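Everything on this sheet refers to the single structure shown next.
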Amino acid sequence: MIKAPRGTRDLLPPDTALWNFVEAAVRDVFRAYNFHEIRTPIFESTELFARGVGEETDIVAKEMFTWEDRGRQTELIAPIRGLSAPPRISTVEGLQPSSEISQIGEGKGQSLTLRPENTAGVVRAYIEHKLWDRGLNKLFYIGPQFRRERPQKGRYRQFYQIGAEVIGPATAGSESPARDAEILELLATLLDRVGISNWTLELNSVGCPADRAEFNEALRKALDPVAAKMCADCQRRVVTNPLRVFDCKVPEDQPIIEKLPRISQFLDEPCRVHFEQVQAILKSVEVPFVLNDRLVRGLDYYQKTTFEFTHGALGAQNAILGGGRYDGLSEALGGPAAPGIGFAIGEDRLVMSLAESAESVVRKPDVYIAPLGTGMNREAARLARELRRHDLVVDLGDESFRLKKSFEAADRLGARYILIVGENEVKAGAFALKKLASGEQVTVPRGELAQRISRAT
RNA sequence: GUGGGAGUAGCUCAACUGGUAGAGCAUCGGACUGUGGCUCCGACGGUUGCGGGUUCAAUUCCCGUCUCCCACCCCA
């Protein structure tokens, strides 16, 4: 039996109703903040992620689905029919870093990658279509992303993100701490709106690149003498990415980590002021937050404000969304200066955290039509068409069904009413309409059916 | 990528130290030819994840592999 590939899954009813409920609520919230939807390709040039997300990040270094495009010749038809020459798909794992990734783009077959996140794609589109000239600087997206990680609860190889970006020239206000606060307040509204309580907003600032360099230096100095006493992971981090030492959960390491310098001590004046203003606005709009100067986001492009919303009951993957400011990203991708801030919600995790049950958001049929006897399918179809025009949810059976079977079907579907369409009814021009919950049954003339069904509860 | 646990009917789970698989629910049919949710009877449904090994005999023991779950790594 062919099964869904590792780390992917089918979303089935009634769960899909819950997903649609979430997405509808989210679109509502975005509208109120004047965000507009953008849809970018599901795959992009590998180079975009290498430059945008950072070649040293785990995502780019070992978690991308990457393949080499073959231009116009073979496409996928031959290998699939004959199974003789399967398409070559590999992760970047087998490649040498940087040099090869950029070389591939220059050959005949360009290197392509399933998007592991959506910010790079949005910024690429912003640059490509000169969106700053159209006043489009508040964008949101909803869609699948792909990472080749080991699956576990709340983590899939195809997962869904709901995200938004504020991006634009500084003159448009995109650099303002007001945007940071607006984004955070939007998120608080959004979570409340979909019915998630008990979230925690953790807030930090990682400063400008200059601050980070200085801080990294100080961190290395502080770690140098103590690194040998730390866990194996930390020893590796000290070399590759000292910031990540703060993520360590090994108890023995905590006393050492407590004494390390903090990024907050290295923020320059503009960054410090920016961060203070973000906090001041949050207090003014009464969005609760906790400062966490150990919160360091993984992607290279973050600077200044970084944040995370967490929620219990998600296991180890307790971050329901994360984001931050990325003022240098546009330039890193060859675009104009365009400060920005954004976030990505893990939709899979968001749905998992919902108190709402899938059943409760499914719209059940208002009426089930039971045709009874030869020729009654025709009558039933006409009635169904008419009732559906009145915005009623209608389902129906078949004239060969015994009445009992129709009743059982109506019960199973959770219909509110059953409408019996038999010869007697057609002759009389009035139909037996029975409320399934109470058993109350009335005879209703054709013309009054729609009104009768929609009115009652 | 690393470590641990688990895969038996559509779903939830049984099957003692190896003896060729069973229940509940669900589905379909009947009791009940135009009136359901209850009850009773019956039927359908499994290459016990897949492949190999040990054995007279494997759901059970061993090896490999795939998938899921938990944790690490990392992240949404």
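The chains referred to below are lettered A, B, ... by the order of the sequence lines, with proteins before strands, and numbering in each begins at 1. Only a predicted model underlies this, so the values are computations on that prediction, with no experimental measurement involved.
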*Return the stacking result for B:A76 and A:F159: yes when the ring centres lie under 5.5 Å apart and the planes under 30°, no otherwise.*
yes

*asked:* So A:E149, base contact, sugar-phosphate only, or nothing? Heavy-atom distance under 4.0 Å.
replied: base

_Between the base of B:G37 and the side chain of A:D411, is there a donor and acceptor pair under 3.5 angstrom?_
no

*If pairing requires Watson-Crick or G-U wobble contacts with both distances under 3.5 Å, which nucleotide is the partner of B:G45?*
none

*Heavy atoms under 4.0 Å, any strand shown: does A:K405 hit a base, just sugar-phosphate, or nothing?*
sugar-phosphate

*Could you give the distance separating B:G29 and B:C70 at their P atoms, to the nearest angstrom?*
39 Å

*asked:* So, under a plain 3.5 Å distance rule, would you say the side chain of A:K3 forms a donor-acceptor pair with the base of B:U67?
replied: no

*Counting any heavy atom closer than 4.0 Å, what does A:G414 reach on the DNA or RNA strands: base, sugar-phosphate only, or nothing?*
nothing

*Closest listed nucleotide, where the reference is the side chain of A:R150 and the choices are B:U2, B:G36, B:C74*: B:U2

_Can you tell me which nucleotide in B:G36, B:G34, B:C75 comes closest to the side chain of A:R402?_
B:G34

*For B:C25, which nucleotide in any strand shown is its Watson-Crick or wobble partner with both distances under 3.5 Å?*
B:G10

*asked:* Roughly how many Å apart are B:U39 and B:G45, using the C1' atom of each and rounding to a whole number?
replied: 24 Å

*Using a heavy-atom cut-off of under 4.0 Å over every strand shown, decide if A:L321 touches base, sugar-phosphate, or nothing.*
sugar-phosphate

*asked:* Between the base of B:C74 and the side chain of A:R155, is there a donor and acceptor pair under 3.5 angstrom?
replied: yes

*Using the C1' atom on both, measure B:U55 against B:U20 and round to a whole Å.*
14 Å

*Just compare B:U35, B:A76, B:G37 and give me whichever is closest to any side-chain atom of A:Y302.*
B:A76

*asked:* By nearest heavy atom, map A:A344 and A:G439 onto RNA chain B; which one lands nearer the 5' end?
replied: A:G439

*Taking atom P in both B:C40 and B:A23, compute the distance separating them and give it to the nearest angstrom.*
16 Å

*With the threshold set at 4.0 Å, does a side-chain nitrogen-carboxylate oxygen contact exist between A:E37 and A:R27?*
yes

*Do A:R349 and B:C75 share a donor-acceptor pair, side chain to base, under 3.5 Å?*
yes

*B:A21 to B:G46 separation - P atoms, rounded to the nearest Å*: 14 Å

*Expressed in angstrom and rounded to an integer, what is the separation of A:L403 atom CG from B:G30 atom P?*
14 Å

*Mate of B:C68 where both pairing distances stay under 3.5 Å, Watson-Crick or G-U*: B:G5

*asked:* Does this structure show an ion pair linking A:R157 with A:E149, if we count only N-O contacts that are shorter than 4.0 Å?
replied: no

*Rounded to whole angstrom units, what separation is found between the CG atom of A:L413 and the C1' atom of B:G36?*
13 Å

_Ion pair A:E47/A:R51, N-O distance below 4.0 Å_ = yes

*Looking for any heavy atom pair under 4.0 Å, which part of the strands does A:E423 touch: base, sugar-phosphate only, or nothing?*
base

*Rounded distance in Å - CD (A:E408) to P (B:G30)*: 10 Å

*asked:* Can you measure A:L201 atom CG to B:A76 atom P for me and round it to whole angstrom units?
replied: 15 Å

*Mind checking the P distance from B:U47 to B:A9? Whole angstroms is fine.*
9 Å

*Between A:E408 and A:K404, is there a salt bridge with N-O shorter than 4.0 Å?*
yes

*Give A:A410 one of three labels, base, sugar-phosphate or nothing, depending on what nucleic acid heavy atoms sit under 4.0 Å from its own.*
nothing

*Does a side-chain N-to-carboxylate-O contact under 4.0 Å join A:E258 and A:R294?*
yes

*Rounding to a whole Å, what distance do you find between A:Y368:OH and B:U35:C1'?*
14 Å

_So, under a plain 3.5 Å distance rule, would you say the side chain of A:E425 forms a donor-acceptor pair with the base of B:G34?_
yes

_Closest nucleotide among B:U67, B:C72, B:A31 to the A:Q152 side chain_ = B:C72

_Ring centroid separation A:Y326 to A:Y302 under 6.0 Å_ = no

*Measure the distance from CZ on A:F401 to P on B:G30 and round it to the nearest whole Å.*
12 Å

*If the P atom of B:G5 is compared with that of B:G64, how far apart are they to the nearest Å?*
13 Å

*Send over the distance from A:E379 CD to B:G34 P, rounded to a whole Å.*
20 Å

_Under-4.0 Å salt bridge between A:R9 and A:D348_ = yes

_Selected nucleotide, minimal atom distance to A:F407 side chain, candidates B:G34, B:U67, B:G36_ = B:G36

*Give a yes or no on whether a salt bridge exists between A:R179 and A:E165, defined as a side-chain N under 4.0 angstrom from a carboxylate O.*
no

*Between the side chains of A:N137 and A:S174, is a donor N or O closer than 3.5 angstrom to an acceptor N or O?*
no

*Taking the C1' atom of each, how far is B:G49 from B:C68, in whole Å?*
11 Å

*Quick one: label A:Y156 by what it contacts on the DNA or RNA (base, sugar-phosphate, nothing), any heavy atom closer than 4.0 Å.*
base

_Residue matched to B:C40 through Watson-Crick or wobble contacts both under 3.5 angstrom_ = B:G30

_Watson-Crick or G-U wobble mate for B:G51, both contacts under 3.5 Å_ = B:C63

*Between A:F146 (CZ) and B:C75 (P), how many Å, whole number?*
20 Å

*Under 4.0 Å between a side-chain N or O of A:K153 and OP1 or OP2 of B:C70?*
yes

*If you pin A:I418 and A:R412 to their nearest nucleotides in RNA chain B, which one's is more 5'?*
A:R412

*May I ask you to say what A:Q441 touches in the nucleic acid, namely base, sugar-phosphate or nothing, with a heavy-atom cut-off under 4.0 Å?*
base

